[in-house]
Protein chains: 2
Amino acid sequence: MQHKSLASVNCPVARSLERVGEWWSILILRDAFKGLKRFDEFQNSLGIAPTMLTRRLNALTDAGLLRRQIYNERPPRYEYVLTPLGQDFRPVLLTLMAWGNRHFFPEGKRIVLVDLNSGAEVDPIVVDRMSGRLIDAAIKSVSVAPSRISKGKMSAGSVARTKSVENKIRRRSAGQRET
Amino acid sequence: MQHKSLASVNCPVARSLERVGEWWSILILRDAFKGLKRFDEFQNSLGIAPTMLTRRLNALTDAGLLRRQIYNERPPRYEYVLTPLGQDFRPVLLTLMAWGNRHFFPEGKRIVLVDLNSGAEVDPIVVDRMSGRLIDAAIKSVSVAPSRISKGKMSAGSVARTKSVENKIRRRSAGQRET
DNA sequence: ATGAGTCACTATCATTATGCAAGTGACTTA
DNA sequence: TAAGTCACTTGCATAATGATAGTGACTCAT
């Protein structure tokens, strides 16, 4: 679909969607957080066509969310694991999950999130880091001159790759993107 | 793209993506949170083809995230405003925005979120409602029998419309979906 | 050591979604 | 009366997707 560039846009939502806005991307990420790593694990879990899976896995890898890790040489077999950038996507997944849980299970059974370590039920909400207060008022993003950064914490392992990742993929044979 | 059903899937992420997984949907929602309401406002803001905008607006309306509100009869002109379900999507947008801000602005300038009321900079994080602790461990969703619901709070204004919203849209002429 | 099976893909092709350009109807304003 | 404005719709070319089938490099059981 020749997705409108969106790349140049100076909006954090748009820039985020460039990496994870494709149909399967977020579902793949969900599975990655569940611990799935291998091609066929994703395929079985998602019922996705292998073509698509290849494309999305490559796109997510190029976008820096996943990393290919070799686990078998001859034949080279890779696992796809979350990078720090990918791990940092967790809050988005949590809020999306919570939203779905709140609204789309009207048929008797309810779905809740459970901490795998403690076993406790969790109910994710979004608050401000400093004040701890719920964020529910209107928000806008504004850009700030670099000098004014005070409580900044530009997290590691990120820095955008390049745009139009999608188009390059099909043209390139696999295996060049080594671990 | 004949998007794989996904409807029957018992996963909150999948069910969420059914409503907002389309390319422009989240961007439209972002603009709706910014206060945009009218067709041409969205069009100017997004640079989206009117065809697409019609489809996405209808899809979001049918999914229950937006509501058409008439503001002019003869000719009937509608505004698209967030429903409670749509408003409740805010946490997802916030975390997505925060993720983008953290990672995709390496070129000097930084973008932060600002509370429109207080003017204070906010840094959205996801915590558990009860404990207030950061959620960063592994999480899974489990379904719970209706009876076991204790601290439940099935929020209002929700309840899913029906599936396969997309396909119906093009077949139907506009104007049947009144306020 | 032969054949079946696994794994991670790639190729091909029909189907579907998207973007673009242009057009429409019902007004409003100059 | 003519020129907008607004919210669309139509048609068509093009790009992305999904289904099915096939491939190469192994492993493993017989």
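In what follows, every chain begins at residue 1, and chains take the letters A, B, ... in the order their sequences are listed.
If you measure from atom CD1 of A:Ile48 to atom P of C:dT10, you get 14 Å, rounded to the nearest angstrom. Put simply, CZ on A:Phe42 is 10 Å from P on C:dA8, counting in whole angstrom units. At whole-Å resolution of the value, CG in A:Asn58 and C1' in D:dT17 are 16 Å apart. Straight-line distance from the CG atom of B:Asn44 to the C1' atom of D:dC8: 15 Å, rounded to whole Å. Counting to the nearest Å, the P atom of C:dG19 and the CZ atom of B:Arg55 are 8 Å from each other. In this structure, A:Leu46 atom CG and D:dG18 atom P are separated by 11 Å, rounded to whole Å. Here the P atom of nucleotide D:dT14 and the CE atom of B:Met52 are 18 Å apart, to the nearest Å.
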Find every protein N or O atom lying less than 3.5 Å from an N or O atom of nucleotides 4-7 of chain D, and list the pairs.
residue, atom, partner, partner atom, Å
D:dC6, OP2, B:Asp40, OD2, 3.3
D:dC6, O2, B:Arg77, NH1, 2.7
D:dA7, OP1, B:Tyr71, OH, 2.9
D:dA7, OP2, B:Asp40, N, 3.0
D:dA7, OP2, B:Asp40, OD1, 2.9
D:dA7, O4', B:Arg77, NE, 3.4

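Each of B:Ile125, B:Leu113, B:Val122, B:Val126 was evaluated against B:Leu94; a single residue qualifies, B:Leu113, per the side-chain contact (heavy atoms from CB on, under 4.5 Å) test.
Taking B:Glu79 as the reference, B:Arg38 meet the side chain to side chain donor-acceptor pair (under 3.5 Å) condition, with sequence neighbours excluded.
The base of C:dC9 lies outside donor-acceptor range of the side chain of A:Thr51, with no N or O pair under 3.5 Å. Remark: the A:Thr54 side chain and the C:dA8 base include no donor-acceptor N/O pair separated by less than 3.5 Å.
Residue A:Trp24 places at least one side-chain N or O under 4.0 Å from the OP1 or OP2 atom of D:dG18.
In this model, no donor atom of one side chain and acceptor atom of the other lie less than 3.5 Å apart for B:Asn58 and B:Thr61.
In this structure, A:Arg68 satisfies the cation-pi test against A:Tyr78, with its NZ or CZ atom closer than 6.0 Å to the six-membered ring centre and inside 45 degrees of the ring normal. A cation-pi geometry, defined here as NZ or CZ lying under 6.0 Å from the six-membered ring centre and within 45° of its normal, does not hold between B:Arg15 and A:Phe104.
Of all non-hydrogen atoms in B:Leu93 and B:Arg30, the two that sit nearest each other are CD2-CA, 3.6 Å.
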